Amino acid sequence: MISRTISHLLAFIKLRGNFFTNSFLLPLQNHLSSSRLGLEFSSHTTFLASLHSNSNSSSHPRSKFQKVTNLDDALNMFDEMIQRRPLPSVVQFNQLLNAVTKMKHFSCCLHLFKQMCVTGVPVDEYSMSIAIKCCCQLYRTNDGFALLCCCFWRAVVPDVFIFSTLLDGLVLEDRILEAERLFKKLIKHRLCEPNVVMYNTMIKGLCKFGNNVMAIGLLRLMDERGCKADVVTYNTIMDSLCKDKMIDDAFKLFKEMVFEKGILPNVITYTSLICGLCNLGRWEEVSKMLKEMEDVRISPNLQTFTVLVDAFCKEGKVDDAEAVIDIMVERGEVPNIVTYNTLIDGYCLRGEMSKARTVFDSLTSRGLVPNVITYSSLLNGYCKNLNIEEAMLMFHEITKNGLKPDIVTFSTMLQGLFRVGRCGAARRLFDEMRAQGQHCFCRSALKSCPRFLQWINPKLAAGWCIMPISMWIDNYSK
DNA sequence: GTCGGTAGGT
């Protein structure tokens, strides 16, 4: 039965190949006029289509600095700007800093910021928020707070952007209790009025720690406070629900978002829901969702297909997963390292380590470079097969190739060690991990091994609860 | 005139 549904799904994707490939190239209005609305979903899709026609897709004006994509160019521009007299406006500097941040050169950006301060270029709340963001992205949120203090003596009034950035930094570092405290303090002392991004950041943090109920509570609080939730708010919660296999609750929110709030779903919404359905083996509904995407003219992207590759692999249908990749290639889409990582993962899951190795070895000829996830997948495969020696070799292979094991690599290795009863070695590896500055825990790491929670924050592990939403509201009105 | 957020691996 399952295999029949899967081949049906495969055939469906094959049939829709052209649509999926070309849809982005056509103007939206043409889509709508030529849209073939399916019978089963007709009212649903008509409604969604009407939302589409109301959505405006105006593009924002771009600064000349957004075109800068090379770090050297940016640095040269900075040197030139800082010598110019009179000095260019702070806005120009901010745009340049922002461009450097977009390139993810956070340390470099901080260096430029420091130079601005030393040279006497006036900095404002924009420059401050960029500098704080850089600290946070480098897992140096405390330095971000230090910069917040600088705001005060530079007479810069911290705004909702600055506080959102700091909140995001705390969430990134798993400091959820501090994040919650900061959020409530901001509200209570009226330091700033949270906007949708700040709520979304807090919701993301709650979801990261599996607190969906609280996340939904915050969604309701937003409503009460007159802050309009957006597609990101819903996507974050729906994704979390899907990950917790609470797909029906996710669909309830989906309906609420579309029908009650009139918010248009995007490709991320559908990818999350499809992923949730796949994980529960609800293949018929996966087909339906793909069809609905077609009807509302949202084209699946690489990530959507990777979810399907993943799903087929997990069903043991690795050949079908390979077929999906072939379809992607035929459509002119270029599977990336993520796609192949998923496939390698699939073979590892079945214990077919030699096949996994074959795919791994083929990466270079495809012009792809294995990343830390590639190695982690193989490592996981060896751990699952209790081949801890080979797993250890893979672990060392990562550093040899100039990559850094991340939290998932460590967690995988740790779980492998636990499984073969080498708990002492696991604890030593955990300490090594912390010593290496590995402090960010992703949600599945926390879920996969309760002992981590104990090791990171005994308060949380002991059931030290986050305050109920009702009390947040009380605080608000005080 | 600028800045922030959502989907992949244990």
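Sequence lines set the chain letters: A, B, ... in the order given, protein chains first and strands last, and positions in each chain run from 1. Computed from a predicted model, the values in this text were never measured in an experiment.
- Comparing B:dA7, B:dT10, B:dG4 by their nearest atom to the side chain of A:Q303 picks out B:dA7.
- Not one side-chain nitrogen or oxygen of A:N341 sits closer than 4.0 Å to the OP1 or OP2 atom of B:dG9.
- Contact annotation for A:E125: no contact, since no heavy-atom pair falls under 4.0 Å across all strands.
- Considering CZ of A:F145 and SG of A:C150, their distance stands at 13.5 Å, rounded to 0.5 Å.
- With rounding to whole Å, A:L241 atom CG is found 14 Å from B:dA7 atom C1'.
- Contacts of A:V307 with the nucleic acid, taken as non-hydrogen atoms under 4.0 Å apart, are absent.
- For A:N98, the side-chain atoms get nearest to B:dC3 when compared with the rest of B:dC3, B:dG4, B:dT6.
- When rounded to the nearest whole Å, the span between CD1 of A:I216 and P of B:dT6 equals 19 Å.
- Partner A:L206 forms a side chain to side chain contact (heavy atoms under 4.5 Å, CB included) with one of A:N211, A:T236, A:T201 and no other, that one being A:N211.
- Salt bridge annotation for A:K288-A:E292: absent, with no cationic side-chain nitrogen under 4.0 angstrom from a carboxylate oxygen.
- Residue A:R220 qualifies as enclosed at atom CZ: its count of foreign heavy atoms under 6.0 Å is above 12.
- Proximity of residues 386-396 of chain A to DNA chain B (heavy atom under 4.0 angstrom from any strand atom) is not detected for any residue.
- Aromatic ring orientation, A:W283 versus A:F312: tilted (interplanar angle from 30° to 60°).
- Comparing B:dT2, B:dC3, B:dT6 against the side chain of A:N94 picks out B:dT2 as the nearest.
- Side-chain atoms of A:D124 lie closest to B:dT2 of the nucleotides B:dG4, B:dT2, B:dT6.
- The side chain of A:V338 has B:dG8 as its nearest neighbour among B:dG8, B:dT2, B:dC3.
- Of the candidates A:E390, A:M392, A:M394, A:M394 is the only one forming a side chain to side chain contact (heavy atoms under 4.5 Å, CB included) with A:L379.
- Across B:dT6, B:dT2, B:dG9, the shortest atom-to-atom separation from the side chain of A:V408 is found for B:dG9.
- Side-chain atoms of A:Q415 lie closest to B:dT10 of the nucleotides B:dT10, B:dG4, B:dG9.
- Residue-level contact check: A:D406 touches the bases, meaning some heavy atom is under 4.0 Å from a base atom.
- The phosphate of B:dG8 has neither OP1 nor OP2 within less than 4.0 Å of any side-chain N or O from A:K314.
- Taking atom NZ of A:K204 as the reference point, atom P of B:dT6 lies 5 Å away to the nearest angstrom.
- Among the protein residues, A:T342 comes within range of no part of the nucleic acid, since none of its heavy atoms lies under 4.0 Å from any strand.
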task: Starting from the C-alpha separation in whole Å, work towards a yes-or-no answer on ring-ring contact (aromatic ring centres under 6.0 Å, His included) for A:F410 and A:F395.
output: CA-CA 9 Å; A:F410 276 108; A:F395 187 81; 5.5 Å; yes
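- Going from atom CG of A:L147 over to atom C1' of B:dC3 covers 15 Å, rounded to whole Å.
- With distances taken from any side-chain atom of A:K384 to the nucleotides B:dT10, B:dA7, B:dG4, the minimum falls on B:dT10.
- At a threshold of 4.0 angstrom between heavy atoms, the contacts of A:V372 include nucleobase atoms, whether or not backbone atoms are also involved.
- In A:H111, the NE2 atom is not crowded: 12 or fewer heavy atoms of neighbouring residues, nucleotides or ligands sit closer than 6.0 Å.
- Judged by distance alone with a 3.5 Å cut-off, no donor-acceptor contact links the side chain of A:D345 to the base of B:dG8.
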Distance-only donor-acceptor pairs under 3.5 Å for side chains of residues 162-172 of chain A, two or more places apart:
{"from": "A:S164", "atom 1": "OG", "to": "A:V160", "atom 2": "O", "distance (Å)": "2.8"}
{"from": "A:T165", "atom 1": "OG1", "to": "A:F161", "atom 2": "O", "distance (Å)": "2.6"}
{"from": "A:D168", "atom 1": "OD1", "to": "A:K204", "atom 2": "NZ", "distance (Å)": "2.7"}

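- For A:I298 and B:dA7, the CD1 to C1' distance is 13 Å, given to the nearest whole Å.
- Across B:dT10, B:dG1, B:dA7, the shortest atom-to-atom separation from the side chain of A:V267 is found for B:dA7.
- A salt bridge does not link A:R350 with A:D345: every distance from a Lys NZ or Arg NE/NH1/NH2 to an Asp or Glu carboxylate oxygen is 4.0 Å or more.
- Among the protein residues, A:D159 comes within range of no part of the nucleic acid, since none of its heavy atoms lies under 4.0 Å from any strand.
- Residue A:K102 has a polar side-chain atom (N or O) positioned under 4.0 Å from OP1 or OP2 of B:dG4.
- Regarding A:L97, its CG atom lies at a distance of 12 Å from the P atom of B:dC3, rounded to whole Å.
- Among the heavy atoms of the strands, none lies under 4.0 Å from A:T306.
- Following rounding to the nearest Å, A:Y126 (OH) and B:dG4 (P) show an atom-to-atom distance of 11 Å.
- Atoms CG (A:L264) and P (B:dT6) sit 19 Å apart, rounded to a whole Å.
- You'll find a donor-acceptor pair under 3.5 Å spanning the side chain of A:S376 and the base of B:dG9, going by distance alone.
- Checked by distance alone, A:N380 brings no side-chain donor or acceptor within 3.5 Å of a matching partner on the base of B:dT10.
- Taking the side chain of A:T409 as heavy atoms from C-beta on, and the options B:dT10, B:dG8, B:dG9, the nearest nucleotide is B:dG9.
- Among the protein residues, A:S89 comes within range of the nucleic acid bases, having at least one heavy atom under 4.0 Å from a base atom.
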